[in-house]
Amino acid sequence: MKLATLKQLNEERAARRPVIVVTDTANGEQRLVKAKDFAADPLAAELSRQLRMGKSANVEVGGKKLFLNVYAPTARMVIIGAVHISQALAPLARSLGYDVTVVDPRTAFASPERFPDVPLIAEWPDVALPPLNIDHYTAFVALTHDPKIDDPALLHAFARDCFYIGALGSRKTHAKRCDRLKGQGATDADIARIHAPVGLAIGAVSPSEIAVSIMAEITASLRMPKEKEALVPPI
C-alpha cells in the first residue's frame with residue numbers, strides 16, 4: 001500500500017468514517033474509496049453491500065477481479081437505563097462485538113455488581129453523553145421509562161444520527177413520548193426513527209427475551225439492505 005493511501009486510510013479510521021480499499025488482484029493497483037464517495041463510484045452496489053455486511057470480499061466486475069478491503073468502525077451501543085433488560089442486553093451485545101456503555105444517574109441501579117465488565121456512567125444524559133462522541137455507528141436504546149432520563153437522551157441520539165434508536169414502552173406510552181419530544185424541538189423525521197415498542201415482535205416476555213428481540217432488531221438495521229444504505233453516513 002502506498003504511503004499516501006495509508007495516510008488517508010488512517011485519517012478516515014481515526015475519524016470513525018468507513019472506507020474501502022479496492023485492489024485489482026491482477027496488477028496490484030489500489031485505490032481508496034471514502035464513504036462520501038460511495039454513491040458516485042462505479043462499484044457503488046458492491047461497496048455498499050460489503051460495508052453493510054462489514055466484511056472484505058473478492059468480487060468480479062466488468063471482467064476484473066477485485067478485492068474489497070472493508071474498514072468499518074466498531075459498532076457501539078449506548079444503553080440508557082441500568083435495568084433488568086440492560087443486564088441481559090449488555091453482555092449479548094458485547095458477545096456480538098459491540099462496545100457497550102450503560103448510562104443511568106440512579107446509582108442504585110448503575111452498580112458494578114449488576115454490570116460486571118461493562119462501562120457504567122452514573123450521570124444524567126446531558127453530562128454523560130457528550131463525552132462519548134456518539135456517532136452513526138451507534139445503536140442507542142432507552143429503557144428507563146423515565147421521561148426525565150430517556151427524553152434528553154433520545155434528543156441527543158437524534159442529533160448524533162445513530163443508525164438505530166429504540167425506546168421501551170407501549171404504543172400509548174410512545175405516543176405521549178412523541179408529544180413531549182416534539183415540544184422540545186424534535187421533528188417528525190426524528191420521531192419516525194424511533195423503534196417503539198423496542199425490539200422485534202417475537203412475543204418476548206422476560207428481560208432476556210426482550211433483550212434478544214432488541215438485539216435482533218438492531219442487527220436487522222445494521223445488516224439488511226434499505227432504500228438508503230444504513231451505514232453510508234451523509235458526510
Side-chain angles (χ1 to χ4, degrees), residues 1-79 93-101 103 117-119 121 128-141 155-165 189-190 193 215 218-235:
M1 183 180 292
K2 293 181 179 179
L3 184 59
T5 302
L6 180 59
K7 181 180 179 181
Q8 288 185 70
L9 174 60
N10 289 336
E11 288 174 351
E12 295 304 296
R13 295 185 71 186
R16 283 182 56 83
R17 291 190 293 262
V19 63
I20 296 179
V21 176
V22 181
T23 303
D24 187 322
T25 58
N27 57 29
E29 290 183 358
Q30 289 185 322
R31 63 187 182 91
L32 180 146
V33 188
K34 299 179 181 180
K36 66 182 180 65
D37 300 321
F38 279 15
D41 195 273
L43 300 176
E46 290 78 10
L47 295 172
S48 294
R49 183 184 307 113
Q50 295 311 132
L51 176 60
R52 189 173 67 245
M53 299 308 296
K55 292 184 177 181
S56 302
N58 289 295
V59 299
E60 185 168 348
V61 180
K64 289 186 176 183
K65 293 183 178 180
L66 308 170
F67 181 66
L68 308 185
N69 201 344
V70 176
Y71 295 89
T74 300
R76 296 170 173 169
M77 179 181 292
V78 173
I79 303 172
R94 290 191 69 193
S95 74
L96 294 174
Y98 285 73
D99 288 337
V100 181
T101 302
V103 175
D117 302 320
V118 176
I121 304 178
L129 296 179
L132 294 180
N133 295 318
I134 291 166
D135 59 17
H136 186 68
Y137 275 80
T138 303
F140 197 95
V141 188
L155 290 169
H156 187 82
F158 297 153
R160 303 303 297 178
D161 191 33
C162 299
F163 80 86
Y164 175 90
I165 301 173
D190 291 332
R193 297 179 59 205
M215 201 68 244
I218 290 171
T219 301
S221 296
L222 183 68
R223 301 299 184 202
M224 294 181 69
K226 302 171 181 62
E227 291 182 7
K228 293 184 178 180
E229 295 294 338
L231 292 186
V232 181
I235 300 174

Nearest heavy-atom neighbours spanning E60 and K65:
OE1-CE, 3.9 Å

Report the C-alpha distance between F163 and L222 in whole Å, list the side-chain angles of each, state the deciding distance to 0.1 Å, and finish with yes or no for side chain to side chain contact (heavy atoms under 4.5 Å, CB included).
CA-CA 7 Å; F163 80 86; L222 183 68; 3.8 Å; yes

Testing the basics here: between P119 and D117, what is the closest heavy-atom pair and its distance to 0.1 Å?
CD-O, 4.1 Å

Quick one: pull up NZ in K7 and CG in L32 and give me the separation to the nearest 0.5 Å.
13.5 Å

At their closest point, which heavy atom of Q50 faces which heavy atom of V70, and how far apart are they?
CB-CG2, 3.8 Å

Spacing of T219 atom OG1 and Y98 atom OH [to the nearest 0.5 Å]
5.0 Å

Pairwise distance CD1(I218) to CG(L96) - rounded to 0.5 angstrom
9.5 Å

Report yes if the side chains of L47 and V22 come closer than 4.5 Å at any heavy-atom pair, otherwise no.
yes

For T74 and G97, the nearest pair of non-hydrogen atoms, with its separation, is CG2-O, 3.6 Å

Is the shortest side-chain heavy-atom distance between L66 and L43 below 4.5 Å?
yes

Rounded distance [0.5 Å steps], CG in L51 versus CZ in R49:
12.0 Å

Within the structure provided, determine whether D161 and R193 are in side-chain contact (heavy-atom separation under 4.5 Å).
yes

Output, in order, the C-alpha distance, side-chain angles, deciding distance and verdict of side chain to side chain contact (heavy atoms under 4.5 Å, CB included) for M215 and M77.
CA-CA 10 Å; M215 201 68 244; M77 179 181 292; 3.8 Å; yes

For N69, check side chain to side chain donor-acceptor pair (under 3.5 Å) against everything at least two apart and list the hits.
S56, Y71

Side chains of M1 and V21: closer than 4.5 Å at any heavy-atom pair?
yes

Is D37 salt-bridged to R31, going by a charged N under 4.0 Å from an acidic O?
no

If you measure from OG1 on T5 to CG on N10, what distance do you get to the nearest 0.5 Å?
11.0 Å

Can you check side chain to side chain contact (heavy atoms under 4.5 Å, CB included) on T138 and R160, steps first, answer last?
CA-CA 9 Å; T138 303; R160 303 303 297 178; over 6 Å; no

Are any of the side-chain nitrogens in D135 or R17 under 4.0 Å away from the carboxylate oxygens of its partner?
no

Inter-residue atom distance F140.CZ - L132.CG, 0.5 Å rounding:
9.0 Å

Distance-minimising heavy-atom pair for F38 and A44
O-CB, 3.2 Å

Given the rule in the salt bridge (charged side-chain N to carboxylate O under 4.0 Å, His left out) test, do K34 and D41 qualify, once you have shown the distances and angles that lead to the verdict?
CA-CA 10 Å; K34 299 179 181 180; D41 195 273; over 6 Å; no

Could you walk me through whether E29 and K64 pass the side chain to side chain contact (heavy atoms under 4.5 Å, CB included) test, one step at a time?
CA-CA 12 Å; E29 290 183 358; K64 289 186 176 183; over 6 Å; no

Report yes if some heavy atom in the side chain of V118 is under 4.5 Å from a heavy atom in the side chain of R94; otherwise report no.
yes

